[in-house]
Amino acid sequence: MTNFNSTWKGLVAAGLTAALAGAAGLHPARAAVTPNPLPNQTTAAEPLLLSQTNTEISENVQLIGQCRQANRAVEVFSTSALGPDTSRVGTLTDNSEVFLTGVIAPGRAQVHRPDLDLVGWVNAAFLAGCATATPTPPVTTQRACYRMEVALSVRTEPAVNAPLVGTTSVGQVLFATTSPPNVVATAAGAPNFAREWVQVTFEGTPRWIARTGPNQIGSNVTQLPAAQCAQ
């Protein structure tokens, strides 16, 4: 994810993934658009009392690419629960600028800082409008999406022994996190046996699914035409 344009494309897909009962995530065909934009605070605020669970994640397309500025040092987490500490992926310094991905939850926002290749969730109370006008990052490529032909394990890394974070259902559609898609072929031999993996957005987070079986035989997913991947 070193190319900014391609990374941004993957980020915009973050709110359009599989529905998850009682946790974060949306199916592409059922993504909710919140009627109220994220508050544009201009002064520092005390931390909100936030639930430590992933709930009510939605996408507001009007927020995609908007610039926000941290009004204090802000912890960044991999999940909208903003915890535990082991899910912290970075820290925004006071006055640093980020872009909204459009994916939000009550009192929280998912942000992207391209110069650090940092994507994660923050307390929205600590975001203010940018002091200077910042152009929206350009979107120049079409994101790929995949239909699941079988139920697949979703893992944190492209390896069969990586931690399992979920399972897809047959017919479910997931979007690649980057354009072109981030595809990895593992080494031959146990335990991965030269499977081909693709990175997708699952429950708002980059994850990995096995695109093929062992020795790259067969296809677990079907890449859909670009028109079917359009938002």
Side-chain angles (χ1 to χ4, degrees), residues 1 6-34 53-61 64 78-81 101-105 110 119 121 139 141-186 191-231:
M1 297 189 291
S6 63
T7 300
W8 186 258
K9 255 309 200 176
L11 293 175
V12 175
L16 304 179
T17 52
L20 179 66
L26 296 172
H27 189 282
R30 297 192 288 272
V33 177
T34 184
T53 59
N54 291 316
T55 58
E56 300 181 40
I57 287 182
S58 61
E59 183 186 51
N60 185 331
V61 295
I64 295 173
S78 61
T79 69
S80 62
T101 70
V103 184
I104 58 177
Q110 190 184 64
V119 181
W121 290 86
V139 174
T141 54
Q142 173 68 45
R143 286 177 296 109
C145 66
Y146 301 91
R147 183 181 64 235
M148 306 296 108
E149 302 302 337
V150 296
L152 289 174
S153 296
V154 183
R155 300 188 182 276
T156 58
E157 300 293 338
V160 297
N161 54 358
L164 177 70
V165 295
T167 305
T168 70
S169 57
V170 176
Q172 183 176 341
V173 176
L174 296 179
F175 285 77
T177 57
T178 60
S179 182
N182 187 8
V183 176
V184 171
T186 52
N192 292 296
F193 296 104
R195 285 177 171 83
E196 187 175 88
W197 299 74
V198 61
Q199 190 180 50
V200 295
T201 301
F202 181 78
E203 298 175 11
T205 303
R207 300 299 189 188
W208 292 88
I209 57 174
R211 192 162 83 167
T212 71
N215 300 312
Q216 300 184 26
I217 297 175
S219 180
N220 297 327
V221 300
T222 298
Q223 185 169 343
L224 300 179
Q228 296 184 38
C229 297
Q231 299 306 306

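Keep in mind that what you see is a predicted model, and the values were worked out from it rather than measured.
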Got Cys145 and Gln223 here, is their nearest side-chain heavy-atom distance under 4.5 Å? no
Of the non-hydrogen atoms in Thr156 and Trp208, which two are nearest, and what is the gap between them? O-CD1, 3.4 Å
Shortest non-hydrogen pair, Cys229 vs Ala144, comes out as SG-C, 4.0 Å
side-chain contact (heavy atoms from CB on, under 4.5 Å) for Trp121 and Thr101? Distances and angles first, verdict last. CA-CA 10 Å; Trp121 290 86; Thr101 70; over 6 Å; no
Separation between OG (Ser153) and CZ (Arg207), nearest 0.5 Å, reads 13.5 Å
Looking at side-chain heavy atoms only, is the closest gap between Glu59 and Ile64 below 4.5 Å? yes
Minimal heavy-atom distance between Pro158 and Thr186, with the atoms involved, is O-CG2, 3.2 Å
Looking only at atom types and distance, does a side-chain atom of Gln216 sit under 3.5 Å from a main-chain N or O of Ala185, one as donor and one as acceptor? no
Between the OG1 atom in Thr167 and the CD atom in Gln172, the distance rounded to the nearest 0.5 Å is 9.5 Å
If you measure from the Lys or Arg side-chain nitrogens to the Asp or Glu carboxylate oxygens, is any gap between Arg155 and Glu157 under 4.0 Å? no
pair Val221-Thr168: side-chain heavy atoms closer than 4.5 Å: no
So how far is it from Ile57 CD1 to Ile104 CD1, rounded to the nearest 0.5 Å? 10.0 Å
Less than 4.5 Å apart, side chain to side chain, heavy atoms only: is that true for Trp197 and Val160? yes
For Ala176 and Arg143 the tightest heavy-atom approach is O-CD, 4.4 Å
Search all heavy atoms of Val200 against all heavy atoms of Tyr146 and return the closest pair with its distance. CG1-CD1, 4.3 Å
Any heavy-atom pair between the side chains of Thr212 and Ile217 that's under 4.5 Å? no
Scanning both residues in full, the closest heavy-atom pair of Val170 with Glu149 reads CG1-O, 3.8 Å
CG of Asn215 to CG of Asn192: how many Å apart, nearest 0.5 Å? 11.5 Å
Hey, are the side chains of Ile209 and Asn220 touching, using non-hydrogen atoms and a 4.5 Å cut-off? no
